[in-house]
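The chain is numbered in sequence order, starting from 1.
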Amino acid sequence: MAYFHSQNKVHDLSDLSLKRIKEFKLLPTPENYELWFIYFSQTDPELVKEINSAVKRDGGKLDDEACYEIFQEFLSTDREENTVKLAGDKIQQTIQNVNDVVTSTKQNALEYNAHLMRANEGLKEHKSQEEINALLTDVMSGTQNMLDRNEHLEVTLEQSARMMEDMRRDLEIARKEAMTDPLTGLGNRKAFDHEIYRMVELSQDDEYTFSLILMDIDHFKKFNDTFGHQVGDQVLKLVSRTLKQGVKGRDVVVRYGGEEFSVLLPETNFHGAMKVAEILRKEVEKKEVVNRSTGKKIAQITFSAGVSQYRKGEEIDVLIERVDKALYEAKEKGRNQVVSAPLDR
């Protein structure tokens with residue numbers, strides 16, 4: 001898994017992770033470090049929920065065994081590897097089954113050809129009616145056997161085609177699930193990594209450019225602390241829908257982690273990205289949290305954002321750090337605003 005955070009944030013997350021490992025008296029293994037790093041970065045909401053539930057269930061702490069089980073379930077590559085391995089095994093078995101049937105059918109065709117040749121030679125000789133009938137019976141038997149084998153081959157090929165289609169669909173579902181945030185339905189950090197790498201590759205063409213928006217819901221912790229996590233989840237879903245509806249087809253909206261979102265804008269320069277960010281800010285600003293039982297408005301939703309255009313040859317983490325600094329500048333200036341990270345900064 002790739003991680004793109006600002007330098008200061010990486011240090012903060014690292015400190016929190018090591019502090020938690022020490023607090024819970026855990027072994028300082030790479031698995032434990034990664035587990036708590038992801039937990040504090042809030043980049044995997046399902047992992048966060050699982051850890052919170054486990055901590056509550058186990059009396060406020062987790063031991064090494066519990067941490068390892070959660071790591072295996074959420075962060076280990078074993079699940080994806082097992083999915084691919086299972087699909088590979090099925091494909092291999094399907095190919096073997098088809099090869100076996102094709103080989104058998106080919107052998108049967110050779111035998112059938114031999115039957116016909118013997119019958120042809122036999123009919124050239126002076127044969128009694130009884131011998132001719134025997135030859136014809138042999139040919140008919142061979143023909144029927146050939147038809148049966150061909151039918152078996154057809155059925156096997158149809159089954160194999162269905163199985164291959166099922167495996168293709170299962171792999172596509174697994175791929176989408178691996179790149180989708182389960183709460184909002186947006187792409188997750190893995191999807192973000194995939195898309196930004198793709199855009200950087202495309203940007204090698206002098207005519208191509210893209211821009212990045214990073215945004216953070218203002219005072220989101222207060223939503224959770226004041227109204228509960230269910231309201232917090234509803235806020236995340238509402239913001240997600242608003243962002244998704246506010247961009248065009250090729251733009252990529254991602255839940256970057258926790259209450260952070262990102263928008264990748266292909267073939268969009270700095271000025272275009274600023275316009276998009278401001279439009280999205282105004283749309284989100286219109287949204288309010290309403291008490292469903294009373295209909296009373298209890299809070300307004302806003303976000304702060306940082307924006308910049310990709311610089312040719314720039315490292316991805318440098319781009320993200322530039323935009324992240326602009327995001328924090330927006331927060332320091334009072335929130336609910338968009339700040340740019342100029343190309344020359």
Side-chain angles (χ1 to χ4, degrees), residues 1-14 30 33-34 37-38 41-44 75 77 80 175 178-181 186-216 243-244 246-281 303-333 337-345:
M1 180 181 290
Y3 306 104
F4 296 114
H5 301 286
S6 67
Q7 186 175 359
N8 290 336
K9 190 168 186 178
V10 168
H11 286 307
D12 291 341
L13 293 173
S14 180
Y33 178 81
E34 182 175 7
F37 189 97
I38 295 298
S41 69
Q42 301 281 300
T43 53
D44 190 330
L75 299 178
T77 58
E80 293 180 12
R175 187 191 70 82
M179 291 192 169
T180 301
D181 173 59
L186 297 177
N188 58 17
R189 280 294 292 272
K190 183 176 287 189
F192 174 85
D193 295 344
H194 173 79
E195 287 298 325
I196 198 167
Y197 275 118
R198 184 181 65 83
M199 290 184 187
V200 168
E201 287 295 317
L202 290 173
S203 69
Q204 293 179 8
D205 182 346
D206 291 337
E207 299 300 319
Y208 186 90
T209 189
F210 72 93
S211 292
L212 169 66
I213 305 172
L214 287 181
M215 55 192 71
D216 188 286
L243 296 178
K244 189 67 176 176
V247 299
K248 58 187 180 184
R250 292 182 302 164
D251 299 337
V252 180
V253 182
V254 168
R255 185 181 178 190
Y256 195 68
E259 67 273 23
E260 293 181 290
F261 295 84
S262 71
V263 182
L264 287 164
L265 302 166
E267 298 187 275
T268 304
N269 61 24
F270 170 79
H271 299 290
M274 285 295 291
K275 290 180 181 178
V276 172
E278 188 60 28
I279 290 171
L280 294 176
R281 187 195 64 78
F303 72 70
S304 303
V307 180
S308 192
Q309 180 181 330
Y310 174 70
R311 296 186 297 207
K312 301 294 181 183
E314 182 177 29
E315 295 292 333
I316 292 174
D317 58 346
V318 174
L319 167 65
I320 292 175
E321 185 169 358
R322 288 196 299 112
V323 180
D324 198 50
K325 286 180 178 179
L327 165 59
Y328 278 94
E329 186 179 336
K331 286 184 171 295
E332 290 173 356
K333 287 182 175 180
Q337 56 187 285
V338 179
V339 171
S340 63
L343 290 174
D344 57 355
R345 181 182 296 181

* Structure fact -> Applying side chain to side chain donor-acceptor pair (under 3.5 Å) to Gln337 and not counting sequence neighbours gives none
* **Ile320 side, atom CD1; Leu212 side, atom CG - distance, nearest 0.5 Å** => 6.5 Å
* Heavy-atom pair with the smallest gap, counting every atom of Glu314 and Gln309 -> OE1-O, 4.5 Å
* Inter-residue atom distance Leu327.CG - Glu332.CD, 0.5 Å rounding -> 10.0 Å
* Criterion side-chain contact (heavy atoms from CB on, under 4.5 Å) on Glu267 and Thr209, from CA distance to verdict -> CA-CA 5 Å; Glu267 298 187 275; Thr209 189; 5.9 Å; no
* To do: List the steps and the verdict of side-chain contact (heavy atoms from CB on, under 4.5 Å) for Val200 and Leu319.
  => CA-CA 11 Å; Val200 168; Leu319 167 65; over 6 Å; no
* To do: Could I get the full list of side chain to side chain donor-acceptor pair (under 3.5 Å) partners for Gln42, not counting sequence neighbours?
  => none
* Structure fact -> Taken to the nearest 0.5 Å, the spacing of Met179 CE from Glu195 CD works out to 8.0 Å
* Asked: Would you say the side chain of Arg255 lies within less than 4.5 Å of the side chain of Asn188, judging by non-hydrogen atoms?
  -> no
* **Residues forming a ring-ring contact (aromatic ring centres under 6.0 Å, His included) with Tyr310, sequence neighbours excluded** => Phe210
* Any sub-3.5 Å donor-acceptor pair from Ser262's side-chain atoms to Tyr256's backbone N or O? -> no
Side-chain atoms of residues 269-277: list all donor-acceptor pairs with protein atoms under 3.5 Å, sequence neighbours left out, distances to 0.1 Å.
{"from": "Asn269", "atom 1": "OD1", "to": "His271", "atom 2": "N", "distance (Å)": "3.2"}
{"from": "Asn269", "atom 1": "OD1", "to": "Gly272", "atom 2": "N", "distance (Å)": "2.8"}

* At what distance, to the nearest 0.5 angstrom, does NE2 of His194 lie from CE of Met199? -> 9.5 Å
* To do: Check whether any side-chain heavy atom of Leu264 sits under 4.5 Å from a side-chain heavy atom of Val254, and report yes or no.
  => no
* If only atom types and distance count, is the side chain of Ser203 paired as donor or acceptor with the main-chain N or O of Glu201 below 3.5 Å? -> no
* Could you state the interatomic distance from CD (Glu278) to CD1 (Ile213), rounded to the nearest 0.5 Å? -> 10.5 Å
* Structure fact -> Correct closest heavy-atom pair for Phe37 and Leu13 would be CE1-CB, 3.6 Å
* **Residue list, ring-ring contact (aromatic ring centres under 6.0 Å, His included) with Phe261, at least two apart or on another chain** => none
* What are the two closest non-hydrogen atoms of Ser308 and Val323, and how far apart are they? -> CB-CG2, 3.8 Å
* Counterpart residues, side-chain contact (heavy atoms from CB on, under 4.5 Å), relative to Val253 (two or more places apart) -> Leu186, Leu243, Val247, Val263
* Asked: Crowded around Glu315 CD? As in, over 12 foreign heavy atoms under 6.0 Å?
  -> no
* With distance as the sole test, does Arg322 use its side chain to make a donor-acceptor pair with the main-chain N or O of Ala341 at under 3.5 Å? -> yes
* Asked: After noting the C-alpha distance and the side-chain angles of Glu329 and Lys333, does the key distance pass the salt bridge (charged side-chain N to carboxylate O under 4.0 Å, His left out) rule?
  -> CA-CA 6 Å; Glu329 186 179 336; Lys333 287 182 175 180; 3.1 Å; yes
* Asked: So how far is it from Glu259 CD to Phe303 CZ, rounded to the nearest 0.5 Å?
  -> 13.5 Å
